[in-house]
Novice: 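I have a structure here, written as structure tokens, and I will follow up with some questions on it.
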Amino acid sequence: MSRVLLVNPRMCSPRSARLPLSLLHLGAVLEGRHEYAILDGNVEPGCAARAAAAVRERRHDLVGLTVMPGPQVGPSIEVSRAVRAADPEVPIVWGGYFPSMYTESALNAPYVDYVARGPGEETLLALLDALPGRRPTAADSGAPAGIEAVAGLSFKREGVPVHNAARAFGAPDGYPPLPYGRLGDLGRYLRPSFMGRRTGVHQAAIGCRYRCRFCGVVTVFDGHTRPPAAEHLRRAGVRLRDEVGADCVQLVDNNFFDTEAGSLPLVEALADVGLPWWAYARADTLAGFDPGTWRALERSKLRMVYIGAEAASPEALKRMRKGTRPHQTLEAAALCRAHGVIPEMSFVLGGPEDPESELEETLGFVKRVKRIHPEAEVILYVYTPTPQRDPAAVRADPSAVHLPRQSRYGPDGPALPATPEEWCEPRWIDYVCHRDAPWLTDRTRRRIRDFATVLGCRFPTVQDVDLPRWGRATLRELSRWRYATGVYGRPVELRLARRLIPLRRPEAEGL
Ligand code: B12
Ligand code: SF4
């Protein structure tokens, strides 16, 4: 039996903290097999010092960190350095989206010994079986024997990155129940949202079968998905409701509604659970649902669907390989309105190959969506290219290991950072968080920012449960004329008002 410390470095304020699903999923498979503890920087202050104290006090066989691109990379570096300083022998493995997408960059850090690419349950178990209990040093001719056989793992041998074969991932039903009891006071994770007082989160399916060009999910899951059985979801929902105490749930699947036939039993399972819920969906899938399916959604208490609307023109959607059409976005908005569901629509603006007119078309389209469903939430993102596998290389040698690759950020953009430290530079955080891109002109940046300010004030998000009614009314009134006339430029009065009445940003903080 090994001893493992799993760490979720701080990535949001305690107020926005949600059940740390990545670590719960890993903990579930360690339960009864290995000794382990979860340390969550979102709710525990001084995460690096605590991690260091833990490995100093008791010998650990492995420390695992979950790392998302963007603001979580900095705290992950801090935790890893502190652990390394406290016990130079304990191996450190990084998993999650950051190291899965930028594997070699993570491996270039002296404090990262292993990277788990993609879903990590089996990879973690296999790594623990293969570890001799200490990290590979320069004196070793390479990594410990047996490591080469751990599918889904990357590491360095004599300074050269080695990428083991990819690991196929199984259906969610195959995994044991989540060990919520390991998190201590669960009240810290069940925060109020517009759906209820105690918001739970859950991942039902794994992966997504689409291959949109900007999406990190494609990098990790390569266009594959494994939905859960309805009974599995029902059991998980009942546990969240009765054991954890959630009164509503956000399903953070990449794309909850895979097909209509597959979705219906899952929706019925959620209806049995009876908690109001939120999920990701595609416009084409929702627009194609039968009226009976929409009635089932209504019965099941679906409150909000996050739809990647992305763009207004068929050409832009095609360039992104989205696979949806603009009319489906409008149809989905209308259907949502008819059935009491709020669509949260995200748009990806300013692609490197988009003509300038594309932006104006999309802004106009956003207003069309708002006319159809005034309560629709709108999230404006800047286009983010992500590493992708080269289909020709995969076809040529299907049995080889094909890591997603990306050397530059955009056609003429800068080379990608080579270390986690470089990924922490403010411009890279902005790129990864979809707030900026190197190819944007100042005019485009300003236009996006001004429109977002006017829109956000004209329609303050329903997800901001702390925003007082007077604050909401003030922002709406102040921005009314700008929104109606299309004069978005330099909305200084709105910026000032927003400083006095800060609005929640669901895209960065969650519900
Ligand atoms: C919930 C979520 C958030 C929440 C976090 C909630 C919270 N407070 O904890 C919030 C809203 C804050 C958030 C914000 C951001 N997010 Co986010 N988020 C997600 C989401 C929807 C779910 C993540 C999750 O919990 N999955 C369920 C768990 C079980 O899966 P997992 O984390 O992948 O873990 C598995 C493996 O990765 C692996 N693994 C993970 N960690 C480890 C560690 C070890 C040691 C090992 C061995 C294995 C391992 O094993 C796990 C079990 O199989 C994903 C999309 C998705 N469905 O995955 C996007 C996603 C991860 N986010 C993404 C991004 C970009 C961001 C942002 C940077 C920007 C943004 N606004 O979108 C911000 C910045 C966050 C920050 N401050 O650092 C991207 C990442 C890819 C990319 N494009 O770069 C995703 C994929 C969304 C997308 N489609 O693009 N996010
Ligand atoms: S954008 Fe949505 S539909 Fe497209 S690959 Fe990503 S998760 Fe799947």
Side-chain angles (χ1 to χ4, degrees), residues 4-47 50-51 53-54 64-68 72 75 79 95-96 120-121 124 172 175-204 206 228 232-253 256 269-270 272-279 301 303-304 463-466 504 506 508-511:
V4 184
L5 178 65
L6 296 175
V7 188
N8 183 26
R10 185 187 161 100
M11 54 109 69
C12 64
S13 65
R15 168 180 180 255
S16 302
R18 294 285 184 260
L19 294 164
L21 289 179
S22 358
L23 300 190
L24 281 172
H25 280 248
L26 298 173
V29 298
L30 295 180
E31 210 60 44
R33 287 182 164 125
H34 297 282
E35 210 179 296
Y36 78 98
I38 290 179
L39 175 59
D40 186 350
N42 287 339
V43 293
E44 308 267 4
C47 182
R50 281 172 196 258
L65 281 82
T66 182
V67 191
M68 197 187 275
Q72 201 176 25
V79 171
E121 290 88 341
L124 179 61
Y175 295 114
L178 300 184
Y180 296 113
R182 295 279 184 161
L183 295 177
D185 173 12
L186 288 173
R188 297 179 298 179
Y189 294 104
L190 303 175
R191 314 293 300 175
S193 70
F194 76 101
M195 293 192 292
R197 302 300 306 160
R198 294 165 63 83
T199 312
V201 286
H202 181 72
Q203 178 186 266
I206 303 176
H232 184 79
L233 180 58
R234 185 180 289 108
R235 270 201 305 273
V238 168
R239 274 196 79 211
L240 258 182
R241 188 190 66 195
D242 298 346
E243 285 177 40
V244 177
D247 65 2
C248 58
V249 59
Q250 181 180 26
L251 293 171
V252 299
D253 298 32
F256 179 77
L270 290 170
D272 292 346
V273 177
L275 298 179
W277 58 290
W278 179 110
K301 300 194 186 161
R303 292 286 182 263
M304 189 179 272
Q463 299 180 45
D464 201 331
V465 284
D466 297 330
R504 195 171 171 79
E509 301 169 75
L511 283 186

Novice: If a pair satisfies salt bridge (charged side-chain N to carboxylate O under 4.0 Å, His left out) and one of its residues is in residues 184-203, list it, with sequence neighbours excluded.
Specialist: Glu44-Arg188

Novice: Please report the interatomic distance CG(Asp464) to CZ(Phe194), rounded to the nearest 0.5 Å.
Specialist: 12.0 Å

Novice: Going through the distances and angles, do Val249 and Trp278 end up as a side chain to side chain contact (heavy atoms under 4.5 Å, CB included)?
Specialist: CA-CA 6 Å; Val249 59; Trp278 179 110; over 6 Å; no

Novice: Kindly compute the distance separating CD1 (Ile38) from OH (Tyr180), expressed to the nearest 0.5 Å.
Specialist: 11.5 Å

Novice: Is there side-chain contact between His25 and Leu23, with at least one heavy-atom pair below 4.5 Å?
Specialist: no

Novice: How close do Thr66 and Gly96 get, heavy atom to heavy atom, and via which atoms?
Specialist: OG1-CA, 4.4 Å

Novice: Return each pair, listed once, that meets salt bridge (charged side-chain N to carboxylate O under 4.0 Å, His left out) where at least one residue sits in residues 23-41; pairs must be two or more places apart or across chains.
Specialist: Arg3-Glu35, Glu31-Arg182, Glu35-Arg58

Novice: Closest approach of His202 and Ala236, non-hydrogen atoms and distance?
Specialist: CE1-CB, 3.5 Å

Novice: Which pair of heavy atoms, one from Leu6 and one from Gly27, lies closest together, and at what distance?
Specialist: CD1-N, 4.1 Å

Novice: Report the distance from atom CZ of Arg18 to atom OG of Ser193, rounding to the nearest 0.5 Å.
Specialist: 6.5 Å

Novice: Is there a side-chain contact between Met68 and Met11, using heavy atoms and a 4.5 Å cut-off?
Specialist: yes

Novice: Return yes if some donor-acceptor pair links the side-chain N/O of Lys301 with the main-chain N/O of Leu275 below 3.5 Å, else return no.
Specialist: no

Novice: For the residue pair Arg15 and Asp466, establish whether any side-chain heavy-atom pair is separated by less than 4.5 Å.
Specialist: yes

Novice: Which distance, rounded to the nearest 0.5 Å, do you find between the CG of Leu251 and the CD of Gln203?
Specialist: 10.0 Å

Novice: With distance as the sole test, does Arg50 use its side chain to make a donor-acceptor pair with the main-chain N or O of Pro45 at under 3.5 Å?
Specialist: yes

Novice: List for me each residue that meets ring pair (Phe, Tyr, Trp, His ring centres under 6.0 Å) alongside Phe256, sequence neighbours excluded, and say none if there are none.
Specialist: Trp277

Novice: Asn42 and Cys12: which non-hydrogen atoms are nearest, and at how many Å?
Specialist: OD1-N, 3.2 Å

Novice: Let me know which of Val244, Thr199, Val201, Leu240 forms a side chain to side chain contact (heavy atoms under 4.5 Å, CB included) with Leu190.
Specialist: Val244

Novice: Can you check whether Pro9's main-chain N or O pairs, donor with acceptor, with Gln72's side chain at less than 3.5 Å?
Specialist: yes

Novice: Report yes if some heavy atom in the side chain of Cys47 is under 4.5 Å from a heavy atom in the side chain of Pro75; otherwise report no.
Specialist: no

Novice: With a 4.5 Å cut-off on side-chain heavy atoms, are Leu5 and Tyr36 touching?
Specialist: no

Novice: For Leu39 and Ala51, which heavy atoms make the closest approach, and how far apart are they?
Specialist: CD2-N, 3.6 Å

Novice: Restricting to non-hydrogen atoms, name the atom on Arg239 and the atom on Pro177 that form the minimum distance, rounded to 0.1 Å.
Specialist: NH1-CB, 3.2 Å

